[in-house]
Amino acid sequence: MLGAIEGGGTKFVCGIGTLDGQIVERISIPTTTPEATLDQAMSFFSNKGIAALGIGTFGPIDVNPQSPAYGSVTSTPKPYWSGYRMLDHVKRFMDIPVGFDTDVNAAALGESVWGAAAGLRNCLYMTVGTGIGVGAIVEGNLVHGLLHPEMGHIVVKRHPMDSYAGNCPFHGDCLEGMASGPAVEKRWESKAIQLEASHTAWELESYYIGQALANYILILSPEIIILGGGIMNQAHLFPRIREQVKLHLNSYVQHPVFASDLETYIVPPALAGNAGLCGALALAKKALR
(Lines give C-alpha, C1' and ligand atoms only; values in the text may rest on other atoms or scores of the structure.)
Protein backbone atom coordinates (compact mmCIF):
# COMPACT_ATOMS: atom_id res chain seq x y z
CA MET A 1 0.00 0.00 0.00
CA LEU A 2 1.03 3.58 -0.69
CA GLY A 3 0.35 6.79 1.22
CA ALA A 4 -0.70 10.06 -0.38
CA ILE A 5 -1.02 13.65 0.82
CA GLU A 6 -2.73 16.36 -1.19
CA GLY A 7 -1.69 19.50 0.69
CA GLY A 8 -3.95 22.49 0.12
CA GLY A 9 -4.19 25.91 1.68
CA THR A 10 -7.57 25.04 3.23
CA LYS A 11 -7.24 21.31 3.90
CA PHE A 12 -4.83 18.38 3.69
CA VAL A 13 -6.35 15.24 2.20
CA CYS A 14 -4.53 12.07 3.23
CA GLY A 15 -5.17 8.72 1.62
CA ILE A 16 -4.10 5.10 1.32
CA GLY A 17 -4.04 3.50 -2.09
CA THR A 18 -2.79 0.69 -4.26
CA LEU A 19 -0.08 0.55 -6.91
CA ASP A 20 -2.74 0.81 -9.61
CA GLY A 21 -4.13 4.08 -8.22
CA GLN A 22 -7.16 2.83 -6.29
CA ILE A 23 -7.84 4.91 -3.17
CA VAL A 24 -9.10 2.70 -0.34
CA GLU A 25 -9.17 5.13 2.59
CA ARG A 26 -8.96 8.89 3.08
CA ILE A 27 -9.36 11.65 5.64
CA SER A 28 -9.45 15.44 5.42
CA ILE A 29 -7.52 17.63 7.88
CA PRO A 30 -7.96 21.43 8.17
CA THR A 31 -4.78 23.31 7.23
CA THR A 32 -3.72 25.22 10.34
CA THR A 33 -0.10 25.48 11.51
CA PRO A 34 2.41 23.15 9.81
CA GLU A 35 3.19 21.33 13.05
CA ALA A 36 -0.44 20.61 13.92
CA THR A 37 -1.46 19.74 10.37
CA LEU A 38 1.44 17.40 9.66
CA ASP A 39 1.22 15.76 13.10
CA GLN A 40 -2.39 14.81 12.33
CA ALA A 41 -1.37 13.48 8.93
CA MET A 42 1.42 11.38 10.43
CA SER A 43 -1.00 10.01 13.03
CA PHE A 44 -3.28 8.83 10.22
CA PHE A 45 -0.43 6.94 8.52
CA SER A 46 1.14 5.59 11.71
CA ASN A 47 -0.40 2.09 11.61
CA LYS A 48 -1.05 1.69 7.89
CA GLY A 49 2.18 -0.07 6.93
CA ILE A 50 2.69 2.00 3.78
CA ALA A 51 5.73 1.26 1.61
CA ALA A 52 6.14 4.83 0.30
CA LEU A 53 4.51 8.26 0.62
CA GLY A 54 3.76 10.89 -2.00
CA ILE A 55 3.22 14.54 -1.12
CA GLY A 56 1.72 17.01 -3.59
CA THR A 57 1.43 20.34 -1.84
CA PHE A 58 0.68 24.01 -2.30
CA GLY A 59 3.76 26.14 -2.74
CA PRO A 60 6.02 27.55 -3.78
CA ILE A 61 8.25 24.74 -2.52
CA ASP A 62 11.85 23.63 -3.00
CA VAL A 63 11.80 20.46 -5.13
CA ASN A 64 15.54 20.22 -5.88
CA PRO A 65 16.98 17.20 -4.00
CA GLN A 66 20.44 18.83 -4.15
CA SER A 67 19.25 21.99 -2.40
CA PRO A 68 19.83 22.48 1.35
CA ALA A 69 16.19 23.63 1.55
CA TYR A 70 14.78 20.60 -0.31
CA GLY A 71 11.36 19.66 0.99
CA SER A 72 10.50 23.07 2.40
CA VAL A 73 7.89 25.70 1.63
CA THR A 74 9.49 28.90 0.33
CA SER A 75 7.54 32.19 0.06
CA THR A 76 3.82 31.72 0.62
CA PRO A 77 1.12 34.08 1.91
CA LYS A 78 -0.18 31.18 4.02
CA PRO A 79 0.56 32.14 7.66
CA TYR A 80 3.21 30.08 9.49
CA TRP A 81 4.22 27.99 6.45
CA SER A 82 6.96 30.08 4.82
CA GLY A 83 10.31 28.34 5.28
CA TYR A 84 8.78 25.29 6.97
CA ARG A 85 10.66 22.06 6.27
CA MET A 86 7.78 19.71 5.49
CA LEU A 87 9.89 16.78 4.39
CA ASP A 88 12.04 16.90 7.52
CA HIS A 89 8.89 16.81 9.63
CA VAL A 90 7.58 13.75 7.78
CA LYS A 91 10.91 11.92 8.02
CA ARG A 92 10.87 12.22 11.81
CA PHE A 93 7.89 9.85 11.76
CA MET A 94 8.70 7.41 8.94
CA ASP A 95 11.78 5.98 7.24
CA ILE A 96 10.36 5.16 3.80
CA PRO A 97 10.78 6.63 0.29
CA VAL A 98 8.92 9.95 -0.05
CA GLY A 99 8.02 11.72 -3.30
CA PHE A 100 7.65 15.48 -2.94
CA ASP A 101 6.30 17.92 -5.52
CA THR A 102 3.72 20.62 -6.13
CA ASP A 103 0.03 19.80 -6.01
CA VAL A 104 -0.38 20.62 -9.71
CA ASN A 105 2.64 18.58 -10.78
CA ALA A 106 1.20 15.69 -8.78
CA ALA A 107 -2.18 16.11 -10.48
CA ALA A 108 -0.48 16.21 -13.88
CA LEU A 109 1.35 13.00 -13.02
CA GLY A 110 -1.83 11.32 -11.80
CA GLU A 111 -3.70 12.21 -14.99
CA SER A 112 -0.78 10.99 -17.10
CA VAL A 113 -0.65 7.62 -15.34
CA TRP A 114 -4.35 6.87 -14.76
CA GLY A 115 -6.40 9.69 -16.28
CA ALA A 116 -7.04 11.88 -19.32
CA ALA A 117 -3.38 11.92 -20.41
CA ALA A 118 -2.73 8.17 -20.05
CA GLY A 119 -0.54 6.94 -22.89
CA LEU A 120 0.74 10.44 -23.75
CA ARG A 121 4.21 11.82 -23.03
CA ASN A 122 3.32 15.52 -22.92
CA CYS A 123 0.48 17.09 -20.96
CA LEU A 124 -0.48 20.19 -19.04
CA TYR A 125 -2.65 20.35 -15.92
CA MET A 126 -4.07 23.68 -14.73
CA THR A 127 -6.08 24.24 -11.59
CA VAL A 128 -8.15 27.42 -11.28
CA GLY A 129 -9.43 27.98 -7.77
CA THR A 130 -8.13 29.79 -4.70
CA GLY A 131 -5.00 30.28 -6.79
CA ILE A 132 -3.90 29.25 -10.26
CA GLY A 133 -1.29 26.53 -10.62
CA VAL A 134 0.00 24.65 -13.63
CA GLY A 135 1.90 21.37 -13.79
CA ALA A 136 3.55 20.01 -16.92
CA ILE A 137 4.94 16.73 -18.16
CA VAL A 138 7.32 16.92 -21.12
CA GLU A 139 8.62 13.74 -22.78
CA GLY A 140 7.38 11.74 -19.81
CA ASN A 141 9.07 13.85 -17.14
CA LEU A 142 7.71 16.41 -14.69
CA VAL A 143 9.12 19.84 -15.49
CA HIS A 144 11.56 21.21 -12.90
CA GLY A 145 14.37 23.72 -13.16
CA LEU A 146 15.77 26.13 -10.60
CA LEU A 147 12.64 25.27 -8.61
CA HIS A 148 9.37 24.42 -10.33
CA PRO A 149 7.44 26.41 -12.94
CA GLU A 150 5.05 29.08 -11.64
CA MET A 151 2.85 29.34 -14.70
CA GLY A 152 -0.05 30.72 -12.72
CA HIS A 153 1.84 33.99 -12.37
CA ILE A 154 2.58 34.77 -16.01
CA VAL A 155 1.88 38.27 -17.33
CA VAL A 156 -1.36 38.49 -19.34
CA LYS A 157 -2.84 41.22 -21.50
CA ARG A 158 -5.68 43.01 -19.78
CA HIS A 159 -9.16 42.64 -21.26
CA PRO A 160 -10.27 46.02 -22.71
CA MET A 161 -13.39 45.98 -20.48
CA ASP A 162 -11.53 45.11 -17.27
CA SER A 163 -10.51 47.85 -14.82
CA TYR A 164 -9.86 45.51 -11.85
CA ALA A 165 -6.40 46.11 -10.36
CA GLY A 166 -5.70 42.44 -9.66
CA ASN A 167 -5.52 40.28 -6.55
CA CYS A 168 -1.97 38.85 -6.50
CA PRO A 169 0.05 40.22 -3.55
CA PHE A 170 3.27 39.84 -5.55
CA HIS A 171 2.32 40.88 -9.10
CA GLY A 172 -1.12 42.48 -8.95
CA ASP A 173 -2.55 41.73 -12.39
CA CYS A 174 -0.80 38.49 -13.33
CA LEU A 175 -2.91 35.51 -14.45
CA GLU A 176 -3.69 34.45 -10.87
CA GLY A 177 -4.35 38.05 -9.90
CA MET A 178 -6.94 38.42 -12.65
CA ALA A 179 -8.56 34.98 -12.96
CA SER A 180 -8.36 33.09 -9.63
CA GLY A 181 -11.47 32.48 -7.54
CA PRO A 182 -10.73 35.36 -5.12
CA ALA A 183 -10.15 37.70 -8.08
CA VAL A 184 -13.57 36.80 -9.49
CA GLU A 185 -15.23 37.29 -6.11
CA LYS A 186 -13.57 40.64 -5.35
CA ARG A 187 -14.11 42.02 -8.84
CA TRP A 188 -17.84 41.18 -8.89
CA GLU A 189 -18.52 41.10 -5.12
CA SER A 190 -20.07 37.68 -5.49
CA LYS A 191 -19.03 34.05 -5.24
CA ALA A 192 -18.27 32.55 -8.66
CA ILE A 193 -20.88 29.83 -8.15
CA GLN A 194 -23.57 32.50 -7.73
CA LEU A 195 -22.86 34.20 -11.08
CA GLU A 196 -25.15 33.34 -13.98
CA ALA A 197 -23.63 31.69 -17.05
CA SER A 198 -24.47 34.83 -19.02
CA HIS A 199 -22.57 37.12 -16.62
CA THR A 200 -19.72 39.23 -18.07
CA ALA A 201 -17.41 37.59 -15.52
CA TRP A 202 -17.13 34.51 -17.70
CA GLU A 203 -16.13 36.46 -20.79
CA LEU A 204 -13.21 37.90 -18.81
CA GLU A 205 -12.37 34.56 -17.20
CA SER A 206 -12.27 32.70 -20.52
CA TYR A 207 -10.23 35.53 -22.06
CA TYR A 208 -7.48 35.28 -19.42
CA ILE A 209 -7.41 31.48 -19.22
CA GLY A 210 -7.56 31.10 -23.01
CA GLN A 211 -4.74 33.59 -23.43
CA ALA A 212 -2.60 31.71 -20.91
CA LEU A 213 -3.26 28.35 -22.55
CA ALA A 214 -2.29 29.76 -25.95
CA ASN A 215 1.04 30.82 -24.41
CA TYR A 216 1.60 27.38 -22.88
CA ILE A 217 0.82 25.74 -26.24
CA LEU A 218 3.39 27.95 -27.96
CA ILE A 219 6.03 27.16 -25.33
CA LEU A 220 5.43 23.51 -24.39
CA SER A 221 3.23 22.08 -27.16
CA PRO A 222 1.29 19.72 -24.87
CA GLU A 223 -0.64 16.81 -26.38
CA ILE A 224 -3.58 17.49 -24.04
CA ILE A 225 -4.59 20.22 -21.59
CA ILE A 226 -6.54 19.33 -18.45
CA LEU A 227 -8.40 22.02 -16.50
CA GLY A 228 -9.46 21.44 -12.90
CA GLY A 229 -10.21 23.42 -9.74
CA GLY A 230 -13.33 25.02 -8.33
CA ILE A 231 -13.76 27.66 -11.04
CA MET A 232 -13.72 24.98 -13.73
CA ASN A 233 -16.78 23.36 -12.15
CA GLN A 234 -18.61 25.93 -14.29
CA ALA A 235 -18.88 23.57 -17.28
CA HIS A 236 -19.99 26.40 -19.59
CA LEU A 237 -16.45 27.81 -19.35
CA PHE A 238 -14.91 25.02 -21.43
CA PRO A 239 -16.34 26.00 -24.85
CA ARG A 240 -15.60 29.68 -24.13
CA ILE A 241 -11.97 28.89 -23.25
CA ARG A 242 -11.53 26.67 -26.31
CA GLU A 243 -12.77 29.50 -28.52
CA GLN A 244 -10.41 31.98 -26.86
CA VAL A 245 -7.46 29.64 -27.38
CA LYS A 246 -8.22 29.48 -31.10
CA LEU A 247 -8.62 33.26 -31.29
CA HIS A 248 -5.30 33.88 -29.54
CA LEU A 249 -3.41 31.34 -31.64
CA ASN A 250 -5.02 32.79 -34.79
CA SER A 251 -4.24 29.71 -36.92
CA TYR A 252 -0.49 30.04 -36.29
CA VAL A 253 -0.06 26.51 -34.94
CA GLN A 254 -0.81 24.10 -37.77
CA HIS A 255 -2.01 20.75 -36.48
CA PRO A 256 -5.25 18.83 -37.13
CA VAL A 257 -6.29 19.19 -33.49
CA PHE A 258 -6.65 22.96 -33.93
CA ALA A 259 -8.97 22.52 -36.89
CA SER A 260 -11.47 20.94 -34.47
CA ASP A 261 -13.49 22.50 -31.65
CA LEU A 262 -10.81 21.30 -29.16
CA GLU A 263 -13.31 19.20 -27.17
CA THR A 264 -10.82 16.34 -26.85
CA TYR A 265 -7.80 18.64 -26.41
CA ILE A 266 -8.91 20.94 -23.57
CA VAL A 267 -10.72 18.68 -21.12
CA PRO A 268 -11.72 18.26 -17.45
CA PRO A 269 -9.77 15.80 -15.28
CA ALA A 270 -10.69 12.17 -15.93
CA LEU A 271 -9.88 11.52 -12.26
CA ALA A 272 -12.28 14.33 -11.28
CA GLY A 273 -11.83 15.28 -7.62
CA ASN A 274 -9.25 12.52 -7.12
CA ALA A 275 -6.63 14.01 -9.48
CA GLY A 276 -4.53 15.48 -6.67
CA LEU A 277 -4.68 12.48 -4.36
CA CYS A 278 -4.09 9.99 -7.18
CA GLY A 279 -1.21 12.20 -8.27
CA ALA A 280 0.31 11.91 -4.80
CA LEU A 281 -0.08 8.12 -5.08
CA ALA A 282 1.81 8.33 -8.39
CA LEU A 283 4.58 10.31 -6.65
CA ALA A 284 4.77 7.57 -4.00
CA LYS A 285 4.92 4.88 -6.68
CA LYS A 286 7.70 6.80 -8.44
CA ALA A 287 9.63 7.21 -5.16
CA LEU A 288 9.27 3.48 -4.46
CA ARG A 289 10.84 2.66 -7.83
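Note that the numbering runs from 1 along the sequence shown for the chain. Side chains included, hydrogens not; waters and symmetry mates left out as well; all remaining heavy atoms used. Only a predicted model underlies this, so the values are computations on that prediction, with no experimental measurement involved.
- In terms of heavy-atom proximity, M151 sits nearest to A136 at CE-CB, 4.0 Å.
- For CG of D95, the number of neighbouring non-hydrogen atoms (other residues, nucleotides, ligands) closer than 6.0 Å is 12 at most.
- Side-chain contact check for E139 versus N122: some heavy-atom pair is nearer than 4.5 Å.
- Within the 4.5 Å cutoff, side-chain heavy atoms of F12 are placed close to those of I5.
- Here the closest non-hydrogen pair linking V63 and L147 is CG2-O, 3.5 Å.
- Contact check for L142 versus D101: side-chain heavy atoms found under the 4.5 Å cut-off.
- Interatomic distance, NE2 of H236 versus OG of S198, reported as 9.0 Å (0.5 Å rounding).
- At a threshold of 4.5 Å between side-chain heavy atoms, the hydrophobic network of Ile, Leu, Val, Met, Phe, Trp and Tyr places I219 and L146 in two separate groups.
- Within the 4.5 Å cutoff, no side-chain heavy atoms of E263 are placed close to those of F238.
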Report task. Test D62 against S72 for side-chain hydrogen bond (donor to acceptor under 3.5 Å, both in side chains), laying out the working first. Result -> CA-CA 6 Å; D62 192 324; S72 64; 5.1 Å; no
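- Cluster membership for F58 and V98, using ILVMFWY side-chain heavy atoms within less than 4.5 angstrom, is shared.
- For the residue pair N64 and H148, no side-chain donor N or O sits within less than 3.5 Å of a side-chain acceptor on the partner.
- A donor atom on one side chain and an acceptor atom on the other are not found under 3.5 Å apart for T57 and D103.
- Contact record, P97 with A51: CD-O, 3.4 Å, taken as the closest heavy-atom pair.
- For the residue pair H159 and E203, a side-chain donor N or O sits within less than 3.5 Å of a side-chain acceptor on the partner.
- Side chain to side chain, Y208 and D162 meet the donor-acceptor criterion of an N or O pair below 3.5 Å.
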Requested in this report: Go through the steps to decide whether V113 and K286 satisfy the test side chain to side chain contact (heavy atoms under 4.5 Å, CB included), and finish with yes or no.
Outcome: CA-CA 11 Å; V113 176; K286 188 177 177 184; over 6 Å; no
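- Judged by distance alone, with hydrogens and angles left aside, the side-chain atoms of E111 form no donor-acceptor pair with the main-chain N or O of I226 at under 3.5 Å.
- With hydrogens and angles disregarded, a donor-acceptor distance shorter than 3.5 Å links the side chain of E223 to the backbone of R121.
- Residues F258 and Y265 bring their aromatic ring centres within 6.0 Å.
- With hydrogens and angles disregarded, a donor-acceptor distance shorter than 3.5 Å links the side chain of T18 to the backbone of Q22.
- Two residues are said to be in side-chain contact when any heavy atoms from C-beta on lie closer than 4.5 Å; L262 and S260 meet this criterion.
- Side-chain N or O atoms of T31 include one that pairs as donor or acceptor with a backbone N or O of K11 at under 3.5 Å.
- A donor-acceptor contact shorter than 3.5 Å is absent between the side chain of S180 and the backbone of G177.
- In terms of modelled atom types and a separation under 3.5 Å, the side chain of R187 and the main chain of M178 share a donor-acceptor contact.
- The closest donor-acceptor contact from the side chain of W81 to the backbone of V73 lies at 3.5 Å or more, if one exists at all.
- Not one N or O on the side chain of H171 forms a donor-acceptor pair closer than 3.5 Å with the backbone of D173.
- Around CD of E196, the count of heavy atoms belonging to other residues, nucleotides or ligands within 6.0 Å does not exceed 12.
- With hydrogens and angles ignored, the 3.5 Å screen pairs a side-chain donor or acceptor of R242 with a backbone N or O of I266.
- In summary, the side chains of H248 and Y207 do not present any donor paired with an acceptor at a separation below 3.5 Å, with no hydrogens or angles considered.
- The hydrophobic cluster containing W202 also contains L204, counting ILVMFWY residues as joined when their side-chain heavy atoms lie under 4.5 angstrom apart, directly or transitively.
- Here the side chains of N215 and I154 are in contact, with some heavy-atom distance below 4.5 Å.
- P30 and T37 get closest at one heavy-atom pair: O-OG1, 3.7 Å.
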Report task. Could you give me the CA-CA distance, side-chain angles and deciding distance for L124 and L220, then say whether side chain to side chain contact (heavy atoms under 4.5 Å, CB included) is met? Result -> CA-CA 9 Å; L124 192 87; L220 294 174; 3.9 Å; yes
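- Classified by interplanar angle (parallel below 30°, tilted 30° to 60°, perpendicular above 60°), the ring pair Y84/H89 is tilted.
- Between P182 and N167, the shortest heavy-atom contact is CB-ND2, 3.5 Å.
- The cluster map of Ile, Leu, Val, Met, Phe, Trp and Tyr, joined by side-chain heavy atoms under 4.5 Å apart, puts L175 and I225 in the same cluster.
- The CD atom of E150 sits 8.0 Å away from atom OG1 of T102, with the distance rounded to the nearest 0.5 Å.
- Within a 6.0 Å sphere centred on CD1 of I27, other residues, nucleotides and ligands contribute more than 12 heavy atoms.
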Query - Candidate pair L2 and I50, rule side chain to side chain contact (heavy atoms under 4.5 Å, CB included), full reasoning - result: CA-CA 5 Å; L2 303 173; I50 57 174; 5.8 Å; no
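- For K48 and F44, the positive end sits near the middle of the six-membered ring, less than 6.0 Å away and at most 45° from its axis.
- Using a 4.5 Å cut-off on side-chain heavy atoms (C-beta onward), I231 and E205 make contact.
- Rounding to the nearest 0.5 Å gives a distance of 11.0 Å between CZ of F45 and CE of M1.
- Residues W188 and T200 have side chains in contact (heavy-atom distance under 4.5 Å, counting atoms from C-beta outward).
- Taking both residues in full, the closest heavy atoms of C168 and C174 are given as CB-SG, 3.6 Å, listed atom of the first, atom of the second, then distance.
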**Report entry** Check against side chain to side chain contact (heavy atoms under 4.5 Å, CB included), I137 and L109
**Finding:** CA-CA 7 Å; I137 292 180; L109 183 61; 4.2 Å; yes
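- One hydrophobic cluster holds both L277 and L281 under the rule that ILVMFWY side chains link at heavy-atom gaps under 4.5 Å.
- Looking at S221, its side chain never comes within 3.5 Å of a backbone N or O of I217 through a donor-acceptor pair.
- Interatomic distance, CE of M42 versus CG of D39, reported as 8.5 Å (0.5 Å rounding).
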